[in-house]
Amino acid sequence: MKVAVLVLSLFVALGAVAQGAKKAAPGMGHAKEAAKVPDAAELKKMSARFAPTELKVDLSGLSEGDRKALAKLVEAARNFDGLFMTQLWSGNHATYAKLKKDKTPLGQARLEYYWINKGPWSSLDGNKAFVPGVPPEKLPGANFYPEDMTKEEFEGWVQTLSEKEQEQAKGFFTIVIRDGSQGTKRGGLKLVPYSEAYRADLEKCAKLLREAAALTENESLKRFLTSRAEAFLSNDYYQSDVDWMDVDAPIDPTIGPYETYNDEVFGYKAAYEAYINLRDEKESAKLAAFSKHLQEIENNLPIDEQYRNPKLGGSAPIRVVNEVFASGDGNHGVQTAAYNLPNDERVISQKGAKRVMLKNVQQAKFDKTLVPISKKVLAKAEMPLLSFDWFFTHILAHELSHGLGPHQITVNGQKSTPRAQLKDLYSAIEEAKADALGLYALQYMIDNQQKMGLTGVLPSGGDAEKQLYTTFLASTFRTLRFGLHEAHGRGMALQLQYLLDKGGFTVRPDGTFAVDFTKIKPAVRDLTRDLLMVEAKGDYAAAKQMLEKGSKLPPAFEKALAGLTDVPVDIRPIFVTANQIAPAAK
Ligand code: ZN
């Protein structure tokens, strides 16, 4: 699952701010006017929401063999843009080819935005069409099912299948087509495995993966690339998913059919995507250093000892990488900043899942969105306190914090979990907990860095604390911008309100925001304690109260958010390093 991208794609309108004050972005038109497609000027504004950003990755640490293997993997991954477009809509390639021939300014503006979305529907605007002559909205079943198929027809048809075929019909790696013989007992529907449906593309990819496998010296990577190449042709991805979990190599690729978000009918069918990444050695070392101290942090949580976990279990592996190239489902609309894979429950139960964090993509988002946001919400004198290093370190701490705190609880003598007790409020509370506890844990590490052997691992510089909290304050606006209708936004509003009440954050008369460094530390500790206790007790009423308070942020926030409409929403990567080592075919 793409966690970070999910947050972003839930965003509805650029001006969607607190208290449901939803304003359409300038020039975006309104939902009801879907039939009217944008003109060239409007399309330019829509495209400008994605700031072009060069992604460069240092290859100097790679062996000669790995460098050549990397080029093969980029070449393989390039096939997935076209393959994904096929999966998204049957008319996608023909429409795109027609636009390419249109040399008018309008045609060119359409073409540019088409490539960003990999189709004729604008992902930031509820998947509404922005070119004429196409379905007005993205088709819920994409090109995984016949366009005229109903849910009922599918379900009725599945009943007639053998157990094995039923599994495939509801599986990740088949499409359903009309077999041309209406009136047969199968109602004219037919299963086609991906390995047949997309044979030509997959054969090309398999060949390139095998070539890459022959070039790399790393055994775990060799094994994954070989089994993934086999999977492309056999349609059985199980072993290659298992091998992917074991990859421990300088090149860390994710390539295959994975996410099912584009199948909005059933959520069964996986779309092809690729992320060709290099492991970030420095951040991986930081993560390993933090991981060694998790039990110590748990033992020092600001809650009564009875609620702490005396023996933490093993946590899911986290990898920090830099993206060299992304394609297909991994490169349209808002860019993925992190993902959890695989999605196959059989693999998860055997091997768990791996979380991959794309550091240079996070850096690009920081530079192109958080820096301009900060210029508007922070005082000028405080801009030097904005730090990507702390921004990213807090994201790492947030991820690790999900594993800390109460997970097995007792309510009225019964064993339970915070998730079961807090139900619909759990995600918002858990996200807020991970943020607050992330700050608390980092403060603990700053305070004890010599004793913990973390000197030189934590971002350095005398203003470490000031940078941590100021960067966090600025980043809250980036989250709030995506609306209060989902867990991260609601969880963030809760934290802001709490820290304002405790004086840790303040609103200045000129409408900028600041950290009160004398009050922020105890405020974060109290917030962490309260959130942990809501989870420890499974206290639904307390969770609700905290969230409700958060939904009433002072008007200064709405005003600040309204002033951010011209700040880009996301980035549009230009893969400089990939284009150097494996240029796109003309
Ligand atoms: Zn989280």
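In listed order, ligands and their atoms are each counted from 1. Because the structure is a prediction, the values reported are computed rather than measured.
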Distance-only donor-acceptor pairs under 3.5 Å for side chains of residues 366-374, two or more places apart:
{"unit_1": "Asp367", "atom_1": "OD1", "unit_2": "Gln363", "atom_2": "NE2", "d": "3.3"}
{"unit_1": "Lys368", "atom_1": "NZ", "unit_2": "Pro52", "atom_2": "O", "d": "3.0"}
{"unit_1": "Thr369", "atom_1": "OG1", "unit_2": "Lys365", "atom_2": "O", "d": "2.5"}
{"unit_1": "Thr369", "atom_1": "OG1", "unit_2": "Arg478", "atom_2": "NE", "d": "3.4"}
{"unit_1": "Ser374", "atom_1": "OG", "unit_2": "Leu370", "atom_2": "O", "d": "2.7"}

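Within Glu431, the N/O/S atom positioned nearest the Zn ion (ligand 1) carries the name OE1. In His398, the N, O or S atom that comes nearest to the Zn ion (ligand 1) is NE2.
A donor and an acceptor atom, one from each side chain of Glu535 and Tyr426, are nowhere located under 3.5 Å apart. Asp516 and Thr518 form a side-chain donor-acceptor contact under 3.5 Å, judged by distance and modelled atom types alone. If you check the side chains of Asn262 and Asp329, you find a donor sitting under 3.5 Å from an acceptor.
Among the atoms of His488, no N, O or S atom falls under 2.8 Å of the Zn ion (ligand 1). Within the coordination shell of the Zn ion (ligand 1), defined by N, O or S atoms under 2.8 Å, Glu430 is absent.
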